[in-house]
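Okay, so here's the structure we're looking at.
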Amino acid sequence: MNNHRTLIRFFTISDYEEEEIWLRRQHQKGWKLVKMIVPCFYIFESCTPEDVVYRLDYKNNSENGDYFQIFQDYGWEYFARCTGWLYFRRPVSEADTEEEKEIFSDDSSRINMVNHILKTRMLPLVCVFFCCLLPQFINSMEENNPFADAVTMIFAILLLIYLYLFLHCGLKLRRLKKKYGDVR
């Protein structure tokens, strides 16, 4: 019997809560996450089905030396890193209260994480969009060569994907900030 499996699932930077729920369900089915491969491959290992809470924190390599020790002291197992996200888990049976199922102690910490995502992920993507992709799309529309139509079509598809992701992630991150109490 194969004790490993790979699932393909895509989550955007704003879908981390959905990812946590999905990982918890996989563990309840007897599959614990061991590794992620960008952009959307999740490698699981067979385990005893158990209710385990998964939590993600976005640090983008900005954590300090005490960071992991604090989580360990509070009963969290750090087990993976992927594109700036740090993955933690903890059996529900070890958490006496709902607060112990969370890695953040307050909503301002959650808002800080969302702001960090906006600054280090969304802002660079917006810059790439306006400084590289959009000008190239405009240039490709002005070209008169046999490949211009194909290049324009490729850039148009990329623009649509970018616009969808900007809207999806931007609106969702804004909703998360409101959910956590940031009314800006």
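Geometrically, Arg89 engages Phe79 in a cation-pi contact, judged by NZ or CZ lying under 6.0 Å from the ring centre and within 45° of the ring axis.
Between Leu56 and Glu17 the shortest side-chain heavy-atom distance does not fall below 4.5 Å. For the pair Leu173/Met122, a side-chain contact is recorded, criterion being any heavy-atom separation below 4.5 Å from C-beta on. Proximity of Thr6 to Tyr42: side-chain heavy atoms (C-beta onward) are nowhere separated by under 4.5 Å. By the 4.5 Å heavy-atom criterion applied to side chains, Met36 and Phe41 are not counted as neighbours. Annotation: side chain of Leu86 is in contact with side chain of Tyr67 (closest heavy-atom distance under 4.5 Å). Counting only heavy atoms from C-beta outward, the side chains of Tyr54 and Lys32 approach each other to under 4.5 Å. Taking the side chain as every heavy atom from C-beta outward, His27 and Asp51 never approach each other to under 4.5 Å. At a threshold of 4.5 Å between non-hydrogen side-chain atoms, the residues Val53 and Phe88 do not count as touching.
With hydrophobic clusters built from ILVMFWY side chains whose heavy atoms lie under 4.5 angstrom apart, Ile154 shares a cluster with Val128. Under the 4.5 Å side-chain heavy-atom criterion for Ile, Leu, Val, Met, Phe, Trp and Tyr, Leu23 and Phe11 are members of the same hydrophobic cluster. In terms of hydrophobic clustering, with Ile, Leu, Val, Met, Phe, Trp and Tyr side chains grouped at heavy-atom distances under 4.5 Å, Ile157 and Tyr164 are assigned to a common cluster. The same ILVMFWY cluster, assembled from side-chain heavy atoms under 4.5 Å apart, contains both Val92 and Trp22. Under a hydrophobic clustering in which Ile, Leu, Val, Met, Phe, Trp and Tyr are joined whenever their side-chain heavy atoms come within less than 4.5 Å, directly or via other members, Tyr74 and Ile103 fall into the same cluster.
Evaluation of the ring-ring contact (aromatic ring centres under 6.0 Å, His included) rule for Phe68 yields Tyr78 as partners, not counting sequence neighbours. Remark: Arg110 pairs with Glu102, Asp107 by the side-chain hydrogen bond (donor to acceptor under 3.5 Å, both in side chains) rule, at least two apart or across chains. Residues that satisfy the ring-ring contact (aromatic ring centres under 6.0 Å, His included) test with Tyr162, not counting sequence neighbours, are Phe129, Phe166. With sequence neighbours excluded, the residues forming a side-chain contact (heavy atoms from CB on, under 4.5 Å) with His4 are Asn2, Ile43, Glu45, listed by chain and number. Every side-chain hydrogen bond (donor to acceptor under 3.5 Å, both in side chains) that His168 has, sequence neighbours left out, goes to Thr12, Asp15.
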Worked check of side chain to side chain contact (heavy atoms under 4.5 Å, CB included) between Phe71 and Asp57: CA-CA 11 Å; Phe71 282 98; Asp57 190 11; 4.2 Å; yes
Derivation of the side chain to side chain contact (heavy atoms under 4.5 Å, CB included) call for Cys47 and Trp31: CA-CA 6 Å; Cys47 66; Trp31 295 99; 5.7 Å; no
Applying side chain to side chain donor-acceptor pair (under 3.5 Å), run through Gln26 and Arg5 and close with a yes or a no. CA-CA 11 Å; Gln26 296 305 313; Arg5 76 176 185 178; 2.6 Å; yes
Show the numbers, then the answer: is there a side chain to side chain donor-acceptor pair (under 3.5 Å) between Ser109 and Tyr180? CA-CA 9 Å; Ser109 298; Tyr180 301 141; over 6 Å; no
After noting the C-alpha distance and the side-chain angles of Arg121 and Thr83, does the key distance pass the side chain to side chain contact (heavy atoms under 4.5 Å, CB included) rule? CA-CA 10 Å; Arg121 280 293 172 84; Thr83 62; 3.3 Å; yes
Worked verdict on Tyr87 versus Glu19 for side chain to side chain contact (heavy atoms under 4.5 Å, CB included): CA-CA 11 Å; Tyr87 287 73; Glu19 186 175 1; 2.6 Å; yes
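More than 12 heavy atoms of other residues, nucleotides or ligands shown are found within 6.0 angstrom of NZ on Lys101. Within a 6.0 Å radius of NZ in Lys35, other residues, nucleotides and ligands contribute 12 heavy atoms or fewer. In this structure, Arg25 places its CZ atom where only 12 or fewer heavy-atom neighbours from other residues, nucleotides or ligands lie under 6.0 Å away.
Here the closest non-hydrogen pair linking Arg90 and Gly75 is CG-O, 3.5 Å. Closest non-hydrogen pair, Cys169 versus Ser14, comes out as CA-OG, 3.5 Å. Listed here is the closest heavy atom pair of Met113 and Phe104: SD-CZ, 3.5 Å. In terms of heavy atoms, Cys82 sits closest to Val38 at SG-CG2, 3.6 Å. Scanning both residues, Ile13 and Trp85, for their nearest heavy atoms gives O-CZ2, 3.4 Å. In terms of heavy atoms, Arg24 sits closest to Val52 at CG-O, 3.1 Å.
Interatomic distance, Tyr16 OH to Arg55 CZ, rounded to the nearest 0.5 Å: 10.5 Å. The line from CZ of Arg81 to CG of Asn60 is 9.5 Å long, rounded to the nearest 0.5 Å. The CG atom of Leu118 sits 11.5 Å away from the CD1 atom of Ile111 when rounded to the nearest 0.5 Å. Taken from CD1 in Ile8 to CD1 in Ile37, the straight-line distance is 10.5 Å, to the nearest 0.5 Å. To the nearest 0.5 angstrom, Ile117 atom CD1 is 10.5 Å from Lys177 atom NZ. Atom-to-atom distance recorded for Leu158:CG and Met153:CE is 12.0 Å, nearest 0.5 angstrom.
Through direct or relayed side-chain contacts under 4.5 Å between Ile, Leu, Val, Met, Phe, Trp and Tyr, Leu171 connects to no other residue.
Checking side-chain atoms of His116 against main-chain N and O of Lys59 turns up a donor-acceptor pair under 3.5 Å.
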